[in-house]
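Nothing here was measured: the structure is a model prediction, and the numbers come from that model. Note: hydrogens, waters and symmetry copies are ignored here, and every other heavy atom, side chains too, is used.
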Amino acid sequence: MVGMRVFTGNQVLKNVQIDPSNGFSYTVWKDVPIPFYMSIYFFHIVNPDAILQGEKPIVAQRGPYVYREYRPKGNITFNENYTVSYRVYRQFHFCPERSVGNESDELVLPNMLALGAAILAERFHPSFKIIFNAAMKNFNQTAFFRKTVGEIMWGYEDKFITFLKKLFPNLLPFKDKYGLFADLNNTDTGLFTINTGVDDINKVHKINTWNGLRKVNFWHSEQCNMLNGTAGEMWPPFMDPSDSLKFFSPDACRSLELVYQESGWTYGLPSYRYIAPKTMFANGTVYPPNEGFCPCRQSGVLNVSTCRYNAQIFISHPHFYNADPVLQKAINGLHPNEKNHALFIDIHPLSGIPLNVSIKLQLNLFLKSAKGIQIAGKMRTMLLPLIWFDESGNVDGPILDTFYTFMQIIPLVLQCIQYILMAVGALLGLVAAILAVIRLQQNRRKISGIENIGNKSEDSGKTQELGCSNGKLVRMESRL
C-alpha cells in the first residue's frame, strides 16, 4: 500500500505542477482541451407598456442560445519566485445545433443605456432634465425595445450612444456599439500571476496577483477585497471534504467560495461535489462578513456597479434561487429550483482537477421611476432579470482516457499486484509454517524412537533363572 501511495503521489505531483518540462500536463494547462459552452437564457418582457404604468413585470424565459467558449492562454512568463504570469483570451462561437433558436431571434428587453442614464439624470438640475427628455424623444428612445439576440449579445449601433458619450464623457467603456458581451469576446480577463507549485505543491494554482494587485479595491472591507484561492481552473491536490473551493472571478469582481456537498463518482473517477453556500450573495444583515459588499438590497443579490462603470447591475443565482423570496415574487414568470439553477463543481480530490463544471449566474437591472424623467414612466422600484448564463464543461474524450489511466487504472493495477504479492507472501508463510510443523513432528518421532531402542536394549540385557523361595519354584531376573 505504501508503494501505491508513493507512485500515485508522484503521478499527481508530475501532472499538476506548472512546468514546461512536464510536456503533456503543461500543454493541457496552457490550452485546456476541455470543451466549454456558454448557454444564455434571456428574459423576454411580455408586458412592457403595463410595466410603465406601475404593474408587475411578466417575463418569459427564452433560450438557451449556446456558444462554444475557447480560453487559450497567452503572454506566459515564468518568474523567479516560482510563479507564472499569463492572460486568458476568451472567444465565443455560436452553436446553432445546441441552441433553441438563432441569433436573429427578436426579443423585448429593457433599454439598459436609456434607463441607466435616466437614473443618473434624476440628480441633475430641472433645466437639464428638460434637455434630457427632449433628447430621448429626438433619438426615439423607449424604456423597452425589440432587438435580435446577436445585437443584444455583441452590440448594436445607435446615435443615442454618441449622445451619451458626449453627455457623460469617460463614463462609457465602449466605442460605437453596446452589447452585454461586446467587451468579452476576443478580450482577456486580466493579467493573472499564480503559483506553479514547483517549490510547494500546496500552493499550486493559487493566485499571487491579478493585474499586479494583491487585492482589489471595488469593495468596502479588507476581507471582501482579498484575492482568495485560485483562478478557477484547477486547485491544489490531496483535497479533503473539510476544504472549501475558493477562486477569484473577474466577472463577479470578487473571490467566491464553494462548500463541500457530497462524495460520488464522475465518469468513473472519485469526485467531491462543491456548491454555492446560501451566504454567497447574502446581504450584510443576514451574513455580517458580506457587509463590505454593500450598499445592499435584499439578500441574494450582489451590486457590481462599482466594477461595471456604475451601471446598475446586480448578479444573483438564476431566477433568484437562494435569494429573498420577495425578489422572485416581484416578477411573474420566475421558477427557481435547485436542479436547473444551482451551480456546482465536481472535482477529483486527489489531483484538484475539475471533472464537471456548471457555473450559473444571472444579471439583473435595477429599475425605478425617475423624478422629472419621462422615459421611466411610473414603473416600480425593482430588480428586473435580464439574462442568466451557464458556463459548463466536463472532462471527455482522449483527455479523460489519459487521466483515467494515470489516476485510476495504474494505481488499481499496482494495488492488485500488491494484494497478489501479499497473498503469495501469506501462502509462502503458511507453507513454511506447515513444513516447520512437519519437521518438528519428525524430530519428535526420532527422539521417541531412540528412547524405545534404549528400553529394548535394557530388556535384552536381562536373564531369567529359576530359584527357590520359601519352598517354591520361582523365576529370577538377573543382569549379565
Criterion side-chain hydrogen bond (donor to acceptor under 3.5 Å, both in side chains) against Y67, the qualifying member of H93, E103, Q91, E391: E103

Identified side-chain hydrogen bond (donor to acceptor under 3.5 Å, both in side chains) partner of R87 from the options T187, D188, T189: D188

With under 30° as parallel and over 60° as perpendicular, where do the rings of [X] and [Y] fit, or are they tilted in between?
X    : Y    : answer
W388 : Y41  : parallel
F181 : F92  : perpendicular
H341 : H319 : parallel

Distance (rounded to the nearest 0.5 Å) between [X] [atom1] and [Y] [atom2]:
X    : Y    : atom1 : atom2 : answer
L109 : I152 : CG    : CD1   : 4.0 Å
D243 : W235 : CG    : CH2   : 12.5 Å
L383 : L365 : CG    : CG    : 8.5 Å

Centre of [Y]'s six-membered ring, under 6.0 Å away, within 45 degrees of the axis: is that where NZ or CZ of [X] sits?
X    : Y    : value
K147 : Y156 : yes
K129 : F132 : no
R62  : F42  : no
R254 : F218 : no

Any salt bridge between [X] and [Y], counting N to O under 4.0 Å?
X    : Y    : value
E222 : K215 : yes
E55  : K378 : no
D324 : K329 : no

Disulfide (SG to SG under 2.5 Å) contacts in which one or both residues fall within residues 220-291, not counting sequence neighbours: C253-C307

